[in-house]
Number of protein chains: 2
Amino acid sequence: MNTADAIEKIKQKGLRVTPQRVAVFQTVWELNNHPTAEDIIRNIRKSHPSISVGTVYKVLDTLVASQLLEKVKTDKGTMRYDPILSDHHHLYCKVTDRIVDYEDPELDKMLEAFFSKKKIENFAISDIKLEITGTFKTKAHGKQKNG
Amino acid sequence: MNTADAIEKIKQKGLRVTPQRVAVFQTVWELNNHPTAEDIIRNIRKSHPSISVGTVYKVLDTLVASQLLEKVKTDKGTMRYDPILSDHHHLYCKVTDRIVDYEDPELDKMLEAFFSKKKIENFAISDIKLEITGTFKTKAHGKQKNG
DNA sequence: CTGCGTGCAAATGGTTTGCACTACG
DNA sequence: CGTAGTGCAAACCATTTGCACGCAG
């Protein structure tokens with residue numbers, strides 16, 4: 001995502017546009033591996049050496065609250081961040097700890113159909129996310145397409 | 001779960017049976033709301049006033065490693081613990097932060113059928129968990145049955 | 001007996017907070 | 001200009017760790 005687009009997206013949400021917000025937002029897009037706050041800080045400092053840890057956390061909270069990013073929870077108890085594209089699920093790799101987005105409209109449609117027929121007692125569903133654990137079959141040559 | 005059963009389960013896993021392990025295991029069963037470590041410590045001290053924080057965490061790790069309990073991650077970054085019964089999914093209440101188990105063999109069967117037909121490229125699935133977010137419809141009188 | 005498990009307290013590490021300063025709008 | 005955002009460093013808090021002692025097997 002280029003700078004102009006990042007600015008536009010932030011502005012659309014009614015947020016003040018600051019260099020830090022733009023940088024954090026772009027960095028999460030660049031690091032397409034669901035980075036931790038630490039990953040983000042390390043990378044962002046290449047272009048913004050003086051950005052502070054506290055600011056990054058505050059910016060991340062702001063962007064999450066404005067639905068420009070989402071938090072992904074991990075087994076390790078550290079949060080990771082994900083640019084919001086559209087509804088998607090997550091593939092968790094047991095071996096490499098990689099988290100990969102998984103979009104599947106057909107799956108979503110099936111789930112929706114299932115739960116509109118079969119209600120959960122006393123519970124109103126607002127969202128369903130699949131957490132698919134497993135392992136990537138690494139090919140000899142090159143990286144994952146999904147990664 | 002009574003003490004004899006708890007001892008038996010722990011023994012079955014080849015673990016040393018200690019009063020602390022038995023107490024932690026029973027406490028997680030009693031607190032059927034997916035307690036945090038803090039919840040567990042607070043409650044366990046009613047019967048074992050001198051158990052230490054470090055021990056509780058170590059025991060929880062041990063029991064998780066032996067598959068007597070499982071860790072449930074939360075948005076807040078704190079872990080919660082769940083006695084392992086069988087495969088189940090989780091209902092997350094947006095309003096009360098309650099986490100409730102959801103078992104549904106029919107759903108599991110449907111998912112299995114779906115993913116045996118439609119493979120995910122380069123990924124071998126070992127487990128699928130649904131994270132169903134929403135709100136409980138509280139009845140005027142009394143608590144949730146599921147709670 | 002012998003080593004694994006426990007208690008304690010200090011350390012860790014990710015995240016948060018308070019405050020003076022800066023700059024977006 | 002005024003207020004929301006930033007930088008900094010200290011504080012926080014769940015969890016981990018190291019070590020001496022105790023108890024399960």
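Protein chains get the first letters and strands the later ones, always in sequence-line order, with residue 1 at the start of each. Just the heavy atoms: all of them, side chains too, but no hydrogens, waters or symmetry mates, feed the values below.
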Next on the checklist: As a test of reading the structure: which of dG7(C), dT6(D), dG7(D) is closest to the side chain of Ile51(B), going by heavy atoms?
Outcome noted: dG7(C)
Next on the checklist: Under 4.0 Å, counting only non-hydrogen atoms across every strand here, what does Ser50(A) touch: a base, just sugar-phosphate, or nothing?
Outcome noted: sugar-phosphate
Checklist entry - With a non-hydrogen cut-off below 4.0 angstrom, is Thr36(B) in contact with a base, only sugar-phosphate, or nothing? => result nothing
Next on the checklist: Using heavy-atom distances to pick each residue's nearest nucleotide on DNA chain D, tell me which of Val17(B) and Pro19(A) is more 5'.
Outcome noted: Pro19(A)
Item to check | Distance in angstrom units between Lys71(A) NZ and dT16(C) C1', rounded | outcome: 11 Å
Item to check | Between dC4(C) (P) and Leu15(B) (CG): distance, integer Å | outcome: 13 Å
Item to check | No-H, no-angle donor-acceptor pair, Arg16(A) side chain to dT3(D) base, under 3.5 Å | outcome: yes
Checklist entry - Between dT6(C), dT16(D), dG14(C), which one does the side chain of Asp61(B) approach most closely? => result dT16(D)
Next on the checklist: Is there a path of hydrophobic side-chain contacts, each under 4.5 Å between heavy atoms, that joins Val64(B) and Val53(B)?
Outcome noted: yes
Checklist entry - What about Phe25(B) and Leu31(B), same hydrophobic cluster or not, with Ile/Leu/Val/Met/Phe/Trp/Tyr joined at side-chain heavy-atom distances under 4.5 Å? => result no
Next on the checklist: Side chain of Thr55(B) only, heavy atoms from C-beta on: which candidate in dA14(D), dC8(D), dG7(C) is closest?
Outcome noted: dG7(C)
Checklist entry - Side chain of Lys58(A): nearest nucleotide among dC19(C), dT15(D), dG14(C)? => result dC19(C)
Checklist entry - Is any NZ, NE, NH1 or NH2 atom of the basic residue among Lys46(A) and Glu30(A) found under 4.0 Å from an Asp or Glu carboxylate oxygen of the other? => result no
Checklist entry - Tell me: CD1 of Ile7(A) to P of dG25(C), nearest whole Å? => result 9 Å
Checklist outcome for this item: Rounded to whole Å, NZ of Lys73(A) lies from P of dT15(C) at a distance of 14 Å
Next on the checklist: Can you measure His48(A) atom NE2 to dA23(C) atom C1' for me and round it to whole angstrom units?
Outcome noted: 14 Å
Next on the checklist: Let's test your reading of the model: under 3.5 Å, does the base of dG25(C) pair with the side chain of Lys11(A) as donor and acceptor?
Outcome noted: no
Checklist entry - Between dG7(D), dT6(C), dG14(C), which nucleotide has the shortest distance from any of its atoms to the side chain of Thr78(A)? => result dG14(C)
Checklist outcome for this item: Of Ala37(B) and Thr18(B), the one whose nearest nucleotide on DNA chain D sits closer to the 5' end is Ala37(B)
Checklist entry - Is there a donor on the side chain of Lys76(B) or the base of dG14(C) sitting less than 3.5 Å from an acceptor on the other? => result no
Next on the checklist: Starting the side chain at C-beta, find the nucleotide from dT16(D), dT15(C), dG7(C) nearest to Tyr57(B).
Outcome noted: dT16(D)
Item to check | Lys117(A)/Glu106(B) salt bridge by N-O under 4.0 Å criterion | outcome: no
Next on the checklist: Using whole Å, what does the distance between atom P of nucleotide dC8(C) and atom CD of Gln20(B) come to?
Outcome noted: 11 Å
Item to check | Nearest-nucleotide 5' precedence on DNA chain C, Arg21(B) against Arg45(B) | outcome: Arg21(B)
Item to check | Whole-Å distance separating the CD atom of Glu38(B) from the P atom of dT15(D) | outcome: 9 Å
Item to check | Gln26(A) side-chain N/O to Met1(A) backbone N/O, donor-acceptor pair under 3.5 Å | outcome: yes
Checklist entry - Separation of Lys13(A) atom NZ from dA4(D) atom P, in whole Å? => result 21 Å
Checklist entry - Do you see a donor-acceptor pair shorter than 3.5 Å between the side chains of His34(B) and Asp39(B)? => result no
